[in-house]
Amino acid sequence: CIFDEHPDENPSAEILTNNKGEHRYICWTHEGTGHINLSLVDLWTELKNIDVPTAVNNILHFVGEHFEESEFIKSQKEKYHYNTFKLNDLQDIKQEYPNLYKYLHRYELEVRALMDYAESNLHGTLYSHNGQAIFYISKEYAGEMFRRYKHRSTANSTRAKQFLYIMCLLGLMERVSISDLTEEVRKRTNKLQQNGRHINFYSFNRFNDLNLSIANNRAKQLQDSNFKINSMSKDILISIFGREFADKVFPDQRNLSAT
C-alpha cells in the first residue's frame with residue numbers, strides 16, 4: 001500500500017480495471033477501514049491532501065494535457081463567489097432586507113458551507129437544470145458537514161433539513177424534482193438511493209437584489225403569519241403561500257391534513 005500510515009509487509013494493494021474501463025486503486029487490508037476502493041483522481045487527492053480540481057490538473061499535466069474549465073463551470077463559480085461577496089456584508093442586508101436578515105444571520109455558516117460543497121461538486125451541464133448547476137445531498141450528510149464546519153461535537157440532521165427547506169422557501173435555492181433530471185442522472189440517483197441514502201437535488205440562485213427582495217417579502221409573510229421553523233410542514237406553507245408554491249418546496253403528493 002502506498003499510504004504512509006499503512007505499514008504493509010505483505011503487499012495488499014493493486015490497480016484494477018472495472019467493467020467500465022476505469023482504473024481503481026484497491027487496498028484489501030487498509031488500516032482503519034479494512035478495504036478502500038479509489039479512483040485514481042481520489043487516490044491523488046488523498047495522497048497529496050488537495051481538492052479534486054487540483055488533482056485533475058496535476059494528472060493531466062503528467063500526461064502533457066491541459067485542462068480548461070467550460071464556460072458553464074466558470075459562470076457557476078462566479079455565481080458562488082458573487083453570493084459569498086453579498087453574504088460578507090450582512091449589515092447591508094440587515095439594512096436593505098431586514099426580514100431576510102433574520103434567517104441569513106441565523107444560518108450564515110450553513111449557507112457558506114453548502115455553497116462551498118456545491119461549488120466543489122460542479123459536474124458540467126449533465127448536472128444542471130434551467131441553466132443552473134444542481135447538486136445532491138441528504139439531510140444526514142448535510143448535518144455532518146455543518147457539524148465539521150462549525151466545529152461542533154454532534155451533528156443535527158433536523159436543523160440541516162429545516163435549513164434546506166428555508167433556503168428553498170425563501171427562493172435563495174431551488175429544490176429540483178427527480179422527474180426534471182436527465183435519464184442518466186436518474187439512473188445514477190437510483191444507485192445512490194439503493195445504498196440507503198435518501199437524497200434531494202438543489203440549485204443555488206444568484207443573490208442579486210431582485211432575488212433578495214423576493215426572499216425578504218417571503219420572510220415578511222412568514223413573520224406576519226407567526227411562522228415557526230420547528231413547526232414547518234407542507235400544510236402550513238399551503239395556508240400561507242398556496243398549493244402551487246408549496247409544491248415547489250415539497251415536490252410530492254401531500255395535501256392539506258384532514259384536520
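It should be emphasised that the depicted structure is a prediction, and the values quoted were computed from it without experimental measurement.
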How long is the gap from [atom1] on [X] to [atom2] on [Y], to the nearest 0.5 Å?
X: E119; Y: I73; atom1: CD; atom2: CD1; result: 10.0 Å
X: F135; Y: Y127; atom1: CZ; atom2: OH; result: 13.5 Å
X: Y149; Y: F146; atom1: OH; atom2: CZ; result: 10.0 Å
X: E78; Y: N83; atom1: CD; atom2: CG; result: 8.5 Å
X: Y80; Y: R112; atom1: OH; atom2: CZ; result: 15.5 Å
X: E110; Y: L164; atom1: CD; atom2: CG; result: 9.5 Å

**OP:** Would you sort out whether S231 and I236 count as a side-chain contact (heavy atoms from CB on, under 4.5 Å), showing the intermediate values?
**Re:** CA-CA 8 Å; S231 62; I236 291 175; 4.0 Å; yes

Show the nearest heavy-atom pair for residues [X] and [Y], with the distance to one decimal.
X: Y103; Y: N99; result: CD1-O, 3.8 Å
X: S128; Y: I134; result: N-CG1, 3.6 Å
X: L181; Y: V185; result: CD1-CG1, 3.9 Å
X: N211; Y: N205; result: ND2-CB, 4.0 Å
X: M232; Y: Q162; result: CE-O, 4.2 Å
X: S203; Y: Q132; result: CB-CB, 4.1 Å

Between [X] and [Y], is any pair of side-chain heavy atoms under 4.5 Å apart?
X: F207; Y: K79; value: no
X: R24; Y: S39; value: yes
X: H129; Y: E174; value: no
X: E96; Y: L212; value: no
X: Y107; Y: I229; value: yes
X: I238; Y: D247; value: no
X: C168; Y: M173; value: yes
X: I240; Y: R218; value: no

Original post:
Is the backbone of S179 close enough, under 3.5 Å, to the side chain of S177 for a donor and an acceptor to pair up by distance?
Top reply: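 Indeed, once roles are kept as given, a pair shorter than 3.5 Å links the two residues.
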
Does [X] belong to the same Ile/Leu/Val/Met/Phe/Trp/Tyr cluster as [Y], with side-chain heavy atoms less than 4.5 Å apart forming each link?
X: L60; Y: I50; value: yes
X: L90; Y: I166; value: yes
X: Y117; Y: F204; value: yes
X: Y97; Y: L210; value: no
X: L104; Y: L109; value: no

**OP:** May I ask you to decide whether R147 forms a salt bridge with E144, counting only side-chain N to carboxylate O separations under 4.0 Å?
**Re:**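 E144 and R147: salt-bridged.
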
Original post:
Does R186 come within less than 4.0 Å of E183, counting only side-chain N to carboxylate O?
Top reply: no

Heavy-atom count check: over 12 atoms from other residues, nucleotides or ligands less than 6.0 Å from [X] [atom1]?
X: F85; atom1: CZ; answer: no
X: E244; atom1: CD; answer: no
X: H81; atom1: NE2; answer: yes
X: K220; atom1: NZ; answer: no
X: K150; atom1: NZ; answer: yes
X: H123; atom1: NE2; answer: yes

**OP:** Step by step, work out the side-chain contact (heavy atoms from CB on, under 4.5 Å) result for N121 and Y136.
**Re:** CA-CA 9 Å; N121 284 276; Y136 62 81; over 6 Å; no

**OP:** Could you tell me if the ring centre of F250 sits under 6.0 Å from that of Y165?
**Re:** yes

**OP:** Assess whether salt bridge (Lys or Arg N to Asp or Glu O under 4.0 Å) is satisfied between E71 and K74, documenting all intermediate values.
**Re:** CA-CA 5 Å; E71 291 302 316; K74 290 179 181 178; 3.7 Å; yes

**OP:** Anything under 30° is parallel, anything over 60° is perpendicular, the rest tilted; go ahead and classify F241 against F245.
**Re:** tilted

Subject >> Verdict with reasoning, L114 to F163, per side-chain contact (heavy atoms from CB on, under 4.5 Å) >> reply: CA-CA 10 Å; L114 191 61; F163 161 72; 3.7 Å; yes

